[in-house]
Every structure is written in structure tokens, then in C-alpha cells.
Protein chains: 2
Amino acid sequence: MASDSRHRPVETVETAFDIVDVVKAADGARITEIAAELELAKSTVHRHAKTLEARGLLVQEGDTYRISTWFLDYGIHVRNRHRLYDVARPKVDELAAETDEKVWCVIEEHGVGVHIYGAQGRHSVKTHARIGQRTHLHQFAAGKAILAHLPDERIERILDDYGLSAQTDRTITDRDELREHLETIRERGYAFNREESVIGVHAVGAPVRNESGTAIGAISVAGPANRLRGDLMTEDLPDLLLGATNEVEVNLAHS
Amino acid sequence: MASDSRHRPVETVETAFDIVDVVKAADGARITEIAAELELAKSTVHRHAKTLEARGLLVQEGDTYRISTWFLDYGIHVRNRHRLYDVARPKVDELAAETDEKVWCVIEEHGVGVHIYGAQGRHSVKTHARIGQRTHLHQFAAGKAILAHLPDERIERILDDYGLSAQTDRTITDRDELREHLETIRERGYAFNREESVIGVHAVGAPVRNESGTAIGAISVAGPANRLRGDLMTEDLPDLLLGATNEVEVNLAHS
DNA sequence: CGGACCGTTCGAATAGCGGGAACAGGCTTT
DNA sequence: AAAGCCTGTTCCCGCTATTCGAACGGTCCG
């Protein structure tokens with residue numbers, strides 16, 4: 001498990017995914033457009049596009065290529081096979097019904113938080129998150145709950161790798177401040193997010209840990225700042241959340 | 001738009017996706033396992049795996065590699081950007097609430113049907129379909145509804161490409177029989193599925209067409225055969241469905 | 001009618017992919 | 001303990017397959 005050994009990547013594969021990324025970002029792109037963006041010969045891009053299209057990974061509409069629904073198949077497969085999904089999903093639905101707010105299940109992967117499932121109550125606001133979204137762990141409640149319950153060396157490594165970019169002016173960007181913050185989260189067992197990712201939005205997040213105590217994901221409740229405050233925010237929601245994550249942890253251990 | 005011109009695929013990219021496919025199918029695989037399966041040298045697989053892992057597309061857990069949630073990000077992106085999704089989604093939810101059965105939104109891509117969104121009523125059975133699932137168009141109600149409303153040359157081409165494989169003993173496998181069947185669907189505007197994809201499951205599907213009358217997708221209602229029969233199946237559900245698809249078509253035209 | 005742009009095809013040169021052999025480490029077996 | 005066998009990993013070399021640029025054949029626009 002060598003960490004950062006000098007490994008030479010397969011460049012052809014990289015360009016293939018570069019093309020996919022450009023097509024994704026542009027929400028459909030043409031051959032010359034892609035070639036210009038990536039500074040490749042048109043013929044090269046053409047051959048790649050045709051290869052990906054033959055595999056069904058890109059779809060050609062006229063002269064523009066789009067990403068195909070094969071990625072949806074792959075993605076849903078990943079989600080369904082994840083240990084947390086089956087167990088956490090019903091709990092997330094339950095919490096959404098009880099709190100009438102937006103509830104998310106987030107997992108950690110490669111040092112970032114990934115939203116794998118969300119449910120909303122009747123009166124919940126539409127958050128800006130969506131399924132599959134990747135967010136730096138220090139920027140939101142669920143992420144901080146996860147980060148606080150990782151081994152120290154992993155925490156430091158993640159901070160080294162991604163830094164502490166700000167999402168709003170409330171986002172924690174100072175490393176020492178974050179370390180203290182994480183210590184507090186570790187002590188009480190859950191995390192708050194007060195407009196640190198979206199202005200006007202508060203959230204509470206609690207970690208889901210495995211047998212050895214390491215976080216593998218988290219569940220969070222998010223809602224408008226003027227509704228999530230006072231005892232509801234500091235007492236009631238944490239209680240609900242901890243009850244849910246505790247149950248999830250038990251179910252995880254017996255599956 | 002040359003159809004089947006002699007184009008040489010980029011083989012390196014193909015092997016990369018072969019590896020991804022093996023990892024997906026095996027639900028996590030090790031280097032030697034993949035190498036054996038694809039008859040490649042261990043060193044080759046290793047280099048590819050490390051490349052994909054560096055890009056975040058594979059995740060390494062110990063010595064086994066898994067597909068990462070990046071595919072979820074790509075996949076959800078594809079779905080959200082699809083014209084039909086935003087428009088059809090609320091209608092699908094509505095139909096599920098009204099009928100108390102499983103309702104699916106299916107789109108056509110590359111000649112196959114892709115389930116992009118599903119909603120279920122309280123009493124609906126769990127169908128065997130899942131988001132992202134790809135099904136041959138002749139095998140189910142939504143697919144037949146789409147197939148019937150494609151240009152003739154596309155229909156023939158799709159049948160040529162994929163054949164008429166059976167899912168149950170009721171699946172239509174005779175080409176002439178299917179042609180007649182499609183003609184009937186075209187006349188009345190919607191399709192039935194009586195245990196043609198899953199034994200014990202019936203369904204009704206209606207196409208969503210664009211301005212020129214070509215189907216771009218379909219919506220279907222599915223449920224147990226003993227519940228979906230008689231006038232409910234032949235009158236009420238088709239009415240509901242046509243009302244919904246009609247509305248979707250109008251909304252599509254004005255977006 | 002002509003120019004400018006597109007996607008597409010072709011051939012040729014070389015960069016980089018793939019393979020095999022050797023290494024290091026962990027686990028089981030003797 | 002130690003020998004054996006299985007990993008994943010690294011290295012380097014040869015040959016193939018990728019890349020590029022130029023030329024072709026469309027189509028759209030002026």
C-alpha cells in the first residue's frame with residue numbers, strides 16, 4: 001500500500017476521462033470544442049469520442065456528444081452496494097418525516113463527503129445539495145462529524161491534501177480553530193453548522209461509526225436558520241439524530 | 001453521421017472500462033482476479049487500477065478495488081440534465097399517489113429503455129427494476145410504448161441490433177407479432193404488459209412524444225397481476241396515464 | 001457562388017502501452 | 001523456524017497502437 005510512489009499513469013485513459021469531464025462540464029460538447037479545450041488534435045478527440053460512443057458511454061445528438069445514462073447505472077450500483085445505504089435510508093426517511101426538514105446521509109470517500117441519499121419533509125427548504133455531490137469535510141455539519149471521528153493522521157492528511165477553502169464567510173478556515181472545533185464535536189458526539197456552507201442555513205450532523213469507532217459516514221438535518229435555533233437546534237435535533245445513528249450503527253454491526 | 005464505418009477504437013480505453021466493468025460486476029475485485037478475468041498481465045491491470053484510483057474513479061480498500069461515488073456524481077448529473085426528468089418527476093409522484101402502484105419514467109437511449117425515475121404508492125410491490133436499469137424495449141410496457149412511436153427505420157434497426165430476447169414465456173419474441181402489436185399500440189396510444197417482463201406483474205405504459213411525434217420516453221404504472229386487471233387496467237389507468245403524459249408533453253414544448 | 005467552418009479519413013512517426021521477470025511482503029504449512 | 005506460495009509492486013525493453021497534421025467532403029452563411 002505504497003502511498004505516493006512514483007507511478008506512471010496510463011495517459012490514454014486520462015485523456016479519455018478528460019474528454020468525459022469536458023463533455024459533462026459543458027453539458028454536451030462538439031469535437032472541435034473539446035479538442036480546443038484540451039489542446040488535442042481533432043482526430044484524436046474524434047477517435048476517443050467514437051470509442052466511448054460505441055461503448056455507449058457517450059451519446060451523439062447531431063454533432064454534440066453527451067454523457068450517457070450508463071453512468072447512472074454505474075452510480076446507482078455504487079450507492080446500492082454501499083453498506084450504509086440500505087441501513088441508513090429508512091432512518092433518513094423517518095427523520096425527515098419527524099423533523100419536517102431536509103435530511104442527508106453522507107459518506108466519506110477519498111477524504112471528501114459524498115451525499116448519497118436525501119429525504120425532505122413537507123416544509124423543508126430545497127438545499128443546494130444534490131445526490132452525488134462532493135463537499136469538503138470541514139465545510140458542513142455531516143462532514144465535520146465525520147472528520148472529528150477519523151484517526152488523527154488521516155485528519156492531518158486530508159487537511160494537507162485539500163486545504164480549508166471557504167464556502168461562506170462563516171466557514172472555518174483556520175487549522176487550529178478547526179482542531180479545537182473537532183475536539184468539541186468529539187466530546188459531545190455531534191456537529192453544528194451555522195451558515196458555514198450556505199448563508200441562511202443551519203444544520204446538525206452526527207457520525208455513523210464502525211466497530212473500531214472510526215466514522216464511515218454521517219446523517220444530518222438541515223433547515224432555515226430562523227427555524228433551526230434554540231433548544232430545537234441544541235437539544236431536540238441532536239437527541240433525534242443520535243438515536244437514529246445509534247440504531248444505524250447497531251444494524252450495521254449485525255449485517 | 002456515418003453509421004458503421006470502419007473505425008478503430010482506442011483499445012487502451014476499452015481495457016480501462018473492461019476493468020471498471022469487472023470491478024462493478026464482482027462488486028469489488030483484486031488485481032490478479034481482474035487480470036485473470038480479462039487475460040491481461042498483472043502489471044497492466046495494476047497500472048490501470050492505479051491510474052483510475054488516482055483519478056478517484058476506483059477506491060482501494062486493502063487490496064480490493066471498488067467503483068467510487070464519482071460515478072454517482074456523473075450519473076445524477078446526466079439524469080438532472082435530461083429534458084424529461086424535471087418535467088416528468090412531479091407527474092410520476094402524482095400518479096404514484098393516485099394509483100398507489102409503482103410508477104416509472106423511462107427514456108430511450110441507444111435503442112434501449114432506461115429507468116431514470118421511479119415512485120411508489122403505499123401498497124405498491126417492489127418491482128425488480130431500479131434506477132439506471134436498462135431494458136430491451138420490446139420487453140415491457142413503457143418500452144413498447146416508446147418503440148411504437150419511433151420512425152420505422154429506427155424500429156427495424158433496433159430489432160436488428162438487439163434481437164427479441166425473452167424475459168418470461170410471455171415476452172413477445174416473434175418479429176411479425178411484435179410489428180402487429182406495435183401497430184395496435186400506435187392506434188390506441190398506450191401499451192400493456194401482461195407478465196412479459198416479470199411473472200405476476202402487469203403494467204400500462206404511455207409514450208412521451210416530442211413536437212414531431214417521435215417518442216423520447218414513456219411513463220408506466222406497474223402492479224400485481226391480480227390487482228391490475230379489468231376496467232382498471234384497460235380504462236382507468238390508461239386515462240390517468242394519457243392525462244399525465246399529455247401534460248408532460250405540453251410542459252416539454254414550453255421549456 | 002465562394003469562403004469558412006465543421007466532422008471525418010488517412011498515413012506515418014514515435015511515444016507510451018503491455019508484458020514478463022524479478023522483488024518484497026504476508027500468510028499458511030510443514 | 002523456515003520454506004513455500006500467494007499476494008501486490010517495480011523495472012525495463014520491444015513493439016504496437018496512439019497521436020498528430022494534413023487532406024477530404026460536407027454544410028451553413030454571407
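Since the structure is predicted, the reported quantities are computational estimates derived from the model, not experimental observations. Numbered from 1 within each chain, the chains take letters A, B, ... in sequence-line order.
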Item to check | Stepwise side-chain hydrogen bond (donor to acceptor under 3.5 Å, both in side chains) test for A:His181 and A:Lys144 | outcome: CA-CA 9 Å; A:His181 201 89; A:Lys144 290 192 294 182; 3.0 Å; yes

Shortest non-hydrogen contact from [X] toward [Y]:
X: B:Val13; Y: A:Ala16; answer: CG2-CB, 3.6 Å
X: A:Gly113; Y: A:Phe140; answer: CA-CZ, 4.4 Å
X: B:Ala142; Y: B:Val106; answer: CB-CG2, 3.8 Å
X: A:Leu178; Y: A:Leu164; answer: CD2-CD2, 3.6 Å
X: B:Asn80; Y: A:Arg130; answer: ND2-CD, 3.7 Å

Under 3.5 Å, is there a donor on one side chain and an acceptor on the other for [X] and [Y]?
X: B:Ser165; Y: B:Gln139; result: yes
X: A:Arg134; Y: B:Thr69; result: yes
X: B:Ser197; Y: B:Asn193; result: yes

Rounded to whole Å, please give me the gap between [atom1] in [X] and [atom2] in [N].
X: B:Asp63; N: C:dA24; atom1: CG; atom2: C1'; value: 13 Å
X: B:Glu53; N: D:dG8; atom1: CD; atom2: P; value: 14 Å
X: A:Gln60; N: C:dC6; atom1: CD; atom2: P; value: 16 Å
X: A:His7; N: D:dC11; atom1: NE2; atom2: P; value: 13 Å

Next on the checklist: Let's go through A:Phe17 and B:Tyr74 carefully: what are the C-alpha distance in whole Å and the side-chain angles of both, what is the deciding distance for ring-ring contact (aromatic ring centres under 6.0 Å, His included) to 0.1 Å, and is it a yes or a no?
Outcome noted: CA-CA 12 Å; A:Phe17 277 101; B:Tyr74 284 84; 7.2 Å; no

Item to check | Residues touching DNA chain C, which here means a heavy atom under 4.0 Å, drawn from residues 24-38 of chain B | outcome: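 Output list: empty, so none.
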
Next on the checklist: Looking at C:dG7, I'd like to know if its phosphate oxygens (OP1 or OP2) sit under 4.0 Å from a side-chain N or O belonging to A:His46.
Outcome noted: no

Checklist entry - Given A:His48 and A:Tyr65, is the ring-ring contact (aromatic ring centres under 6.0 Å, His included) satisfied, shown in steps? => result CA-CA 11 Å; A:His48 273 272; A:Tyr65 291 83; over 10 Å; no

Checklist entry - When you check every protein heavy atom under 4.0 Å of nucleotides 16-22 of chain D, what one-letter string (B, S, -) results, 5' to 3'? => result --BBBB-

Checklist entry - Which dot-bracket notation, 5' to 3', represents the base pairing of DNA chain C when pairs are defined as Watson-Crick or G-U with both distances under 3.5 Å, crossing pairs as [ ], and inter-strand pairs as |? => result |.|||.||||||||||||||||||||||||

